[in-house]
Amino acid sequence: MSVPPGFSDDWSEIDAAYDQGPAQPAPAHRPQGGGIAARALAARQGTPQAAAADYLAGLNPEQRLAVETVDGPVLVLAGAGTGKTRVLTTRIAHILATQRAWPSQILAVTFTNKAAREMKERIAHYIGPGVEGMAWLGTFHSICVKILRNHAELVGLKSGFSILDTDDQLRLMKQVIQAEGLDEKRWTARMFASLVDSWKNRGLTPKDIPEGEARAFGNGKGRKLYAEYQDRLSVLNAADFGDLLLHCITLFKTQPDVLKDYQRRFRYMLVDEYQDTNVAQYLWLRLLAQGNSNVCCVGDDDQSIYGWRGAEVDNILRFEHDFPGAVVVRLERNYRSTSHILGAASHLIAHNEGRLGKTLFTDDKDPEAEAVTVASSWDSEEEARAIGEEIEALQSKGHSLNQIAILVRASFQMREFEDRFVTLGLNYRVIGGPRFYERAEIRDAMAYFRCVVQPADDLAFERIVNTPKRGLGEASLKLVHELARASRIPLLEAATQLCRTEELKPKARKALSDLVDSLDRWRAQLVHMKHSELAEIILDESGYTEMWRLDRSAEAPGRLDNLKELIRSMEEFESLPGFLEHIALVMDRDTADAADAVSIMTLHSAKGLEFDTVFLPGWEEGLFPHQRALDESGRAGLEEERRLAYVGITRARKRAKIWFASNRRIHGSWQSSIPSRFLDELPERHVEVVESSTRYGGYSGGGYGGGNAYGVSRFDARDPFQNTYSTPGWQRAQRAREAGSQDHGNRSDMRSSRTRAQGPLTIEGQLVAKSVSDTPSSFTVGERVFHIKFGYGRITTIEGNKLTIDFEKAGEKRVIDSFVERH
DNA sequence: AGTAGAAAACTTTTT
DNA sequence: GTTTTCTACT
């Protein structure tokens, strides 16, 4: 297999640059005109500082130190909004302008494609089109792929290896588990996948994993399964995400020459979001940095939110130890947010232990600055409604929707906002969300392409062999599999051979040989046909497009659109292999949406962004902090959730608006909720508790005998470092919850005295919606009741507080007793 | 072989 | 509430 086009070119160009070697690149090669590099060059005879002032101007002393300390290890602790990206990009500009290295000799690593793209754009500002020479600016994964493509054979792969997505990965693991004769229900592929992932994140190959962990899975067969899986991958000439790093590390460890080559190549290394690196990434960097130690890591321990996928905050905490003589620069001057927002965020994050500790400050002294607000609502629906209203109000005051974001903890929260905004006709865009490439139709299409490009890609073949339906069922496929296994050949090869025999039923044989022939034909066309055209032909001739055209379901047209979009985006690439790689690594599609729209996204995907106004809904115990984080990771989990909260608040420039709802639907049933403990951890002087306009919320409360669940006293003066579980507000909230369940029996009567739309009572609201109850309902079978949505009906069955009602108009429904009234 | 209907499982975050 | 997976039927 040859090197896919697009790589070989890069490589020779880089080699050329590399061979020319150090410090004095010929001026002729410099980007034409404009950039600072040229100007710096011109000013070279004069004082370097004068020339430097161009791009160094406007940096504060700390930033400047971070930029100018180019030799030796540097750790930049950059708090939120302190100009982190600016430092990184200026530093690169500085290295280039001072002729210390060629663009191709700088390794700049980010985590997301977005970050890489952004960095590239910003560097282009300084050096013009010369950025294109920065071949080694990218995500960890994309850089690893680039390296592996050139040395694949040394780690048991061929250069054209394919990169598996999670879907393929799971199917392959399932096969491995089955082959071992294990119960797939007891040992699911999903469990195995996360286990393997965690091993790979720690840089462990099958032989390295601790015996205990190896034994814990699959009746003690963990290690064997892992080895088996890796074997299958290498037979398939494929790598999963974790492999990209792992193989790279193996390569560096086993091939000193190769490592040395890269060590010399990368004269300067920069790592963004260092707090998110996992052990494997750390090892990788360590190996490269052994050459020269010109490593600059930028990060913020307070924004480490990816511990669940193997990120080691420890990497950043340990930096000085790992890289002796490291210069540590703290960036604490915040240029983004008002002092209220900073005050709230800093006070919150101060509740975490085990942080390097930074104190953000700002010069912003705007007397008009708005305090961070905390508001409450009856339920999540009303939360969406109220936030929608606030956004409309902002809009009518001339605020741009692009400057407004809603940041949620979990993606299921997004739907309610979408629903509401659709009703309001408010423009919104969901960022993150289900990825384009993850959609079934895109995957199917990609599987076709993969089969054409990589005949040995069994997983792709399996995916499309009977999509669309060709009458190739289990029985036929079993034969193909058996032959493939027996002769150690790829499935496609086995299928081809099988078609020449009489083993298959005539119908199946015809179908299979048609497919095989088509694949061969397309492969032949690959050479001389434009890849986007060929792609269209493949989808048409395979009957795949037809399949969706005939599909009468609501999604079908959208899927066809997606396929068109896929073909269209293909045109931007030189070749089919190049495109396949792009899809595997760059999961997000560019939504350069110009339209004015509110952004809706998760807190995780909001990292690195900023908005004038940020809405933070769903600050409730169990949701945020998320129950699972607490259950699985205890205190560390809580601290990570708190960092997430910190990230959320610090996204705001001018306004941060926190919300919580008293009731939320989780897993389909209503659950009452109590306010997040993080609310207790906000400092009173920067926070304003807002009276909910609709008065459902439990926040300011009142009226309920014996005190209010979480009102007034939430911000009682107290020691800020006290254990959060014992804060007055937290305890009170818990007491209120207990009181609530005891009183539960009474409340249907209270409830029936009013309709839902009028009730101002706050605590009652919390109780009403409790759907899980062993207290018997006060209703009786046969009673005639009224439901706000379904109208009148008669109760046929009662189970606890769940009623089955035969409605006159709506038919039989199961509803919670609190939503009906006697009639 | 394929489909329809029902039960079961699953819902944190993602390169 | 939704999606996936299994089972039973055509």
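All chains are named by letter (A, B, ...) in the order of the sequence lines, taking the proteins before the strands, and each is independently numbered beginning at 1.
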When rounded to whole Å, the CD to P distance for the pair A/Q627 and B/dC10 reads 18 Å
Is A/K174 atom NZ crowded by more than 12 heavy atoms from other residues, nucleotides or ligands, each under 6.0 Å away?
no
Gap in Å between the two C1' atoms, one belonging to B/dT12 and one to C/dT5, rounded = 23 Å
To the nearest angstrom, the CD-P distance between A/E416 and B/dT11 comes to 19 Å
- Task: Could you label the plane-to-plane angle of the A/Y306 and A/H604 rings as parallel, tilted or perpendicular, counting under 30° as parallel and over 60° as perpendicular?
- Result: tilted
Sorted by chain and residue number, the side-chain contact (heavy atoms from CB on, under 4.5 Å) partners of A/A460 (sequence neighbours excluded) come out as A/A447, A/R450, A/C451, A/D457
Is there a stack between A/F140 and B/dT15, judged by ring centres under 5.5 Å and planes under 30°?
no
A/R190 atom CZ is separated from B/dT12 atom C1', nearest whole Å, by 13 Å
A/Y274 atom OH is separated from B/dT15 atom P, nearest whole Å, by 21 Å
Rounded to whole Å, CE of A/M601 lies from C1' of B/dT12 at a distance of 17 Å
Got a salt bridge between A/R122 and A/E118, using NZ or NE/NH1/NH2 to carboxylate O under 4.0 Å? yes
With both pairing distances under 3.5 angstrom for Watson-Crick or G-U wobble, and | for a partner in another strand, the correct string for DNA chain B is ||||||||||.....
Please tabulate the protein-to-nucleotide N/O contacts below 3.5 Å involving nucleotides 2-6 of chain C, giving atom names and distances.
| residue | atom | partner | partner atom | Å |
| --- | --- | --- | --- | --- |
| C/dT2 | OP1 | A/R415 | NH1 | 3.3 |

Do the numbers put A/R643 on top of the ring of A/Y646, so that NZ or CZ is under 6.0 Å from the six-membered ring centre and no more than 45° off the axis? no
Only distances under 3.5 Å count here; give the side-chain donor-acceptor pairs of residues 475-483 of chain A to other protein atoms, sequence neighbours excluded, each with its distance to 0.1 Å.
| residue | atom | partner | partner atom | Å |
| --- | --- | --- | --- | --- |
| A/H481 | ND1 | A/L477 | O | 3.4 |
| A/H481 | NE2 | A/E462 | OE2 | 2.9 |

A/R415 meets the side-chain contact (heavy atoms from CB on, under 4.5 Å) criterion, sequence neighbours left out, with A/D419
Rounded to whole Å, CZ of A/R664 lies from P of C/dG1 at a distance of 16 Å
- Task: Determine, for A/F412 and A/R664, whether the Lys NZ or Arg CZ falls below 6.0 Å from the six-membered ring centre while staying within 45 degrees of the axis.
- Result: no
Within less than 4.0 Å of OP1 or OP2 of B/dT12, is there a side-chain N or O belonging to A/R628?
yes
Is the distance from the ring center of A/W136 to that of A/F266 below 6.0 Å? yes
Atom CG of A/L644 and atom P of B/dT14 are separated, to the nearest Å, by 10 Å
Return the polar atom pairs (N/O with N/O) between nucleotides 1-4 of chain B and the protein under 3.5 Å, or none.
| residue | atom | partner | partner atom | Å |
| --- | --- | --- | --- | --- |
| B/dA1 | OP2 | A/E474 | N | 3.0 |
| B/dG2 | OP1 | A/G471 | N | 3.0 |

Aromatic contact between A/F192 and A/W187, with the criterion being ring centroids under 6.0 Å apart: yes or no?
no
Under 4.0 Å between a side-chain nitrogen and a carboxylate oxygen: does that hold for A/R409 and A/E641? yes
Winner on side-chain proximity to A/A410, out of B/dT15, B/dT14, B/dT12, is B/dT12
Could you tell me whether A/F111 contacts a base, only the sugar-phosphate backbone, or nothing, with contacts defined as non-hydrogen atoms closer than 4.0 Å? sugar-phosphate
From CD1 of A/I305 across to C1' of B/dT14 the rounded distance in Å is 10 Å
Q. Can you find a donor-acceptor pair, distance only, under 3.5 Å between A/W308 side chain and B/dT13 base?
A. yes
request  = Report yes or no: is there a donor-acceptor pair, N or O only, under 3.5 Å between the side chain of A/H626 and the base of B/dT12?
outcome  = no
Is any side-chain nitrogen or oxygen of A/T139 closer than 4.0 Å to OP1 or OP2 of B/dT14?
no
Measure from the ring centre of A/Y306 to the centre of the six-membered ring in the base of B/dT13, then say whether that distance is under 5.5 Å and the planes meet at under 30°. no
request  = Take the angle between the ring planes of A/H582 and A/F573 and call it parallel below 30°, perpendicular above 60°, tilted in between.
outcome  = tilted
